[in-house]
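Ligands are counted one by one from 1 in listed order, and the atoms in each one are counted from 1 as well.
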Amino acid sequence: MGSTPVRVRFAPSPTGFLHVGGARTALFNWLFARHNKGTFVLRVEDTDSARYADEYVEAVYRALRWLKLDWDEGPDIGGALGPYRQRERGAMHREVAQKLLASGAVYECYCGSKKDEEAADESENDDDSSESAGTDGAIERAKPVCRCSALSDAEKTSLRAKGVQPALRMRVDPQRAVIVDDLVRGHVEFPAGTIGDFVIVKSDGGPLYNFAAVVDDHAMRITHVIRGEEHLANTPKQLLLYEALGWEPPLFAHIPIILNEQRRKLSKRDGATFVNEYEALGFLPDALVNFLGLLGWSPGGNRELLTRAQMLDEFTIESVVKHPAIFDHAKLAWMNKEYLKALPLDELAERVIALLEGRASIPDRIDPEHVRRVVSLLHERAYTVAEIVDQGAYFFTRGAVAPAPDALAKYCSTPEAAERLKEVRAALAEAPPDFDAPDVENAIRGLAQRTGRKAAEFIHPLRVAVTGQAVSPGIFEVCSILGREVALERIDALLARLSEQRAVGLERSR
Ligand code: GLU
């Protein structure tokens, strides 16, 4: 590479939301670019209109922005940096294809049906979410040679006259081998006979992935192609194209496949697999970036919590491993918890509010000061922002909460429980005006002392009343944060429910 400035690209196909595997590829490219003070380019590979959707292009941007993986170049789209779009580069693809045709490196092929060509496109341009293509040169079958390479000009003219449009097929000498010297996988040899003559432009003129990627990578002066291992089997085709065009190929680094804990392909059943799902679950982008960074790369020394700055400082391709990376959900949850704990409370409160505001019915108690208090109570135990929102649901509304049936059965099934609750109500009504946690505690402990009962006899039904649950964080803090008015209202609501239940019970037993 010498002193050539590093230029890398992330080239997603917008055929779905951004998969965590794709995000890991983007991250490794970004880290490599930043570490080497190079350029990170985003190129959306949207030539396959049958499978591509605008909504997914948007989803990819959104996911990259959320992960804060900023790219450096692209057209200006309403004041923001857009990505390069492959479909806008058709003129260049056509020009290069003609050059290859003129040199004899490719020939017109009249035998392929549209269906075959599309199938070729799909299997070539698989993204990280799809099945792994054969790797290590393990393409077993020898590919048949297309007979169109021997068509005479007269035969071609007559086929054209019948309205048959040719695809363009690359001529591959079956006797040779193609060597990929991969920065991660090392020396990998592909016998060309197993590659076969391959289509580069479909009969409708649409360029296929291997061809378009080579033309664009060359035009964008990409120095390193860092991508998922499933593309290793595409690399010999791409190298043959570079060779035929007399272009210097970039260096290749195929990063390891990501598997689930059973060492199988990650699937929906393993939990969230798309970046937007992690956003919706309230994961922090920094935690996800940290986790993805360690899928196939390690800074050494068993270090797990690394800031972005540390990662980009230490990231090298030499320390990317060959063996599959295991997506360990428990580790990601742990990491997110660590990041949550370290987040300033104000920022965490903002995230909680944003999540609450995104709900179909926005709760009525989400003013920042209140949410900050809630967050300070819950953030040490939660694994995600969504957990804070769910575990703390009773804080974000003023109204009564429906008690969970198990909590009712466990702590409120006897007439004594209702009696204790009435006594707690009276004690809390008289607690000092600030109603802070020690005030609540003194009120309840004082009551226990006066009546000679255990504090727990009061605390359990009180907890069911104010949280609706059998377990919660410290009840004195909970009551204080809810405030006296809400706490008393909820106690009244539970007392009313208990007396109603009792009345129904008496009625039945008559
Ligand atoms: N569009 C391809 C994908 O999404 C890009 C592969 C490459 O980086 O060359 O997998």
Q: Classify the contact between Phe10 and ligand 1 as side chain, backbone, both or neither, using a heavy-atom distance cut-off of under 4.0 Å.
A: neither
Q.
Nearest 0.5 Å, please: how far is CD1 in Ile179 from CG in Leu239?
A. 10.0 Å
Q. What are the atoms of ligand 1, with element, lying closer than 4.0 Å to any heavy atom of Glu45?
A. 1 (N), 2 (C), 5 (C)
Q | Residue pairs passing the side-chain hydrogen bond (donor to acceptor under 3.5 Å, both in side chains) test where at least one lies in residues 294-305, sequence neighbours excluded | A | Trp297-Ser319, Arg303-Glu314, Glu304-Lys331
Q: May I ask you to decide whether Arg359 forms a salt bridge with Asp390, counting only side-chain N to carboxylate O separations under 4.0 Å?
A: yes
(Q) When you compare ligand 1 with Arg227, is there at least one nitrogen or oxygen pair between them that comes in under 3.5 angstrom? (A) yes
(Q) Using a 4.0 Å cut-off to any heavy atom of Arg9, which atoms of ligand 1 qualify? (A) 7 (C), 8 (O), 9 (O)
**Q.** Candidate list Lys322, Arg227, Glu229, test side-chain hydrogen bond (donor to acceptor under 3.5 Å, both in side chains), partner His254, passing option
**A.** Arg227
Q: Under 4.0 Å, heavy atoms only, figure out whether ligand 1 is touched by the backbone of Ala213, its side chain, both or neither.
A: neither
Q. Do any pairs count as a ring-ring contact (aromatic ring centres under 6.0 Å, His included) and have a residue in residues 318-348, sequence neighbours left out, and if so which ones?
A. Phe291-Phe327, Phe327-His329
Q.
With respect to Val225, determine whether any N or O atom, backbone or side chain, lies less than 3.5 Å from an N or O atom of ligand 1.
A. no
